[in-house]
Novice: 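Before anything else, here's the structure in question.
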Amino acid sequence: MAKNKVLAKEFFFGDVKEVAPSLLGKQLCVRDDQGRVQKAIITETEAYDGEDDLACHASKGKTPRTSIMYEVGGICYVYLCYGMHWMFNLVTGPIGYPSAVLIRGCKGISGPGRLTRNLGITGQMNGMSLGMDSGIWVEETEVNPGEIFTGPRIGVEYAGPIWANKPYRFWFSNS
DNA sequence: CATTCGATCGGG
DNA sequence: CCGATCGAATGA
């Protein structure tokens with residue numbers, strides 16, 4: 001069987017609102033410390049887009065926690081939520097513009113917290129560059145997402161109606 | 001230093 | 001609906 005192509009970092013340099021849906025059907029790969037690789041097809045993503053986006057952590061400006069989002073696309077942003085769940089994001093866009101894609105669900109796994117638990121993703125991945133050498137990367141697949149649906153993001157009511165209702169969540173029917 | 005509150009999940 | 005659980009952000 002042919003080896004899947006690993007996404008180049010350039011894939012993440014563009015606008016998060018385009019990168020987020022284009023990750024659907026791609027495969028998230030994580031290698032654990034035993035050298036074993038787990039792979040999961042991405043089925044649901046959300047876009048967090050710049051300081052103006054009140055649901056984006058960077059809306060409060062650049063802080064030690066959010067500074068990673070200001071880096072160039074193609075690196076990991078991982079943080080602890082509700083004191084018990086690791087959220088896994090991929091930074092997008094050019095350096096200086098804070099944006100990232102939250103990987104919300106993969107095939108057979110619903111929920112961003114369960115996703116990271118299943119794949120063994122923790123805060124030590126924060127700031128890591130994507131690639132086979134770092135142990136976390138994204139591959140092309142044969143999956144054709146088909147029709148892509150959009151809707152409001154989950155759990156961001158605090159951001160107010162304008163931003164909470166933006167169609168920044170993406171998923172597809174085969175999931 | 002104290003308090004608030006989450007990009008959630010699982011149980012009742 | 002509600003509790004668990006903790007670090008980042010905010011304010012005194």
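Just so it is clear: chains get the letters A, B, ... in the order the sequence lines come, proteins before strands, and each one is counted from 1.
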Novice: Return the nucleotide paired to C:dT5: Watson-Crick means purine N1 to pyrimidine N3 with N6-O4 or O6-N4, wobble means G-U with N1-O2 and O6-N3, both under 3.5 Å.
Specialist: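 Pair assignment: C:dT5 / none.
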Novice: OP1 or OP2 of C:dC6 sitting under 4.0 Å from any side-chain N/O of A:Tyr79?
Specialist: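 For C:dC6, OP1/OP2 do not have a side-chain N/O of A:Tyr79 under 4.0 Å.
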Novice: Indicate yes or no: does A:Glu139 engage A:Lys39 in a salt bridge with an N to O separation below 4.0 Å.
Specialist: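 A salt bridge links A:Glu139 with A:Lys39.
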Novice: NE2 of A:His85 versus C1' of C:dA8: gap in Å, rounded?
Specialist: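 Going from A:His85 (NE2) to C:dA8 (C1'), I get 17 Å.
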Novice: Per the atom types in the model, does the base of B:dA7 pair as donor or acceptor with the side chain of A:His57 at under 3.5 Å?
Specialist: yes
Novice: Output the rounded distance in Å from CZ (A:Arg65) to P (B:dC5).
Specialist: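 Going from A:Arg65 (CZ) to B:dC5 (P), I get 15 Å.
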Novice: Indicate yes or no: does A:Asp133 engage A:Arg31 in a salt bridge with an N to O separation below 4.0 Å.
Specialist: no
Novice: Between P on B:dA7 and OH on A:Tyr168, what's the gap in Å once rounded to a whole number?
Specialist: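 To the nearest whole Å, that distance equals 17 Å.
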Novice: Please determine, for the side chain of A:Arg104, which listed nucleotide (C:dG7, C:dA9, B:dA7) has the closest atom?
Specialist: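 Closest nucleotide to the A:Arg104 side chain: B:dA7.
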Novice: Please give, in whole Å, the distance from C:dA4 P to A:Arg114 CZ?
Specialist: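 After rounding, the gap between these two atoms is 21 Å.
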Novice: Mind calculating the distance between CZ (A:Phe170) and P (B:dA7) to the nearest angstrom?
Specialist: 18 Å
Novice: Among the candidates B:dC9, B:dA7, C:dA4, find the nucleotide nearest to the side-chain atoms of A:Met84.
Specialist: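 Among the listed nucleotides, the one closest to the side chain of A:Met84 is C:dA4.
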Novice: May I have the distance from A:Glu44 (atom CD) to B:dT8 (atom P), rounded to whole angstrom?
Specialist: 11 Å
Novice: Please determine if A:Arg169 forms a cation-pi arrangement with A:Phe149, meaning its NZ or CZ atom is less than 6.0 Å from the six-membered ring centre and no more than 45° off the ring axis.
Specialist: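 Checked: cation-pi criterion not met.
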Novice: Stacking check: are the rings of A:Tyr82 and B:dG6 less than 5.5 Å apart at their centres and under 30 degrees in tilt?
Specialist: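 According to the criterion (under 5.5 Å, under 30°), no, A:Tyr82 does not stack.
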Novice: With sugar-phosphate meaning primed atoms plus P, OP1 and OP2, does A:Arg153 contact a base, only sugar-phosphate, or nothing at under 4.0 Å between heavy atoms?
Specialist: nothing
Novice: Return yes when atom CD1 of A:Ile162 has more than 12 non-hydrogen atoms of other residues, nucleotides or ligands closer than 6.0 Å, and no otherwise.
Specialist: no
Novice: Within the 4.0 Å heavy-atom criterion, would you say A:Arg117 contacts the bases, only the backbone, or no part of the nucleic acid?
Specialist: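 A:Arg117: backbone/sugar contact only, no base atoms under 4.0 Å.
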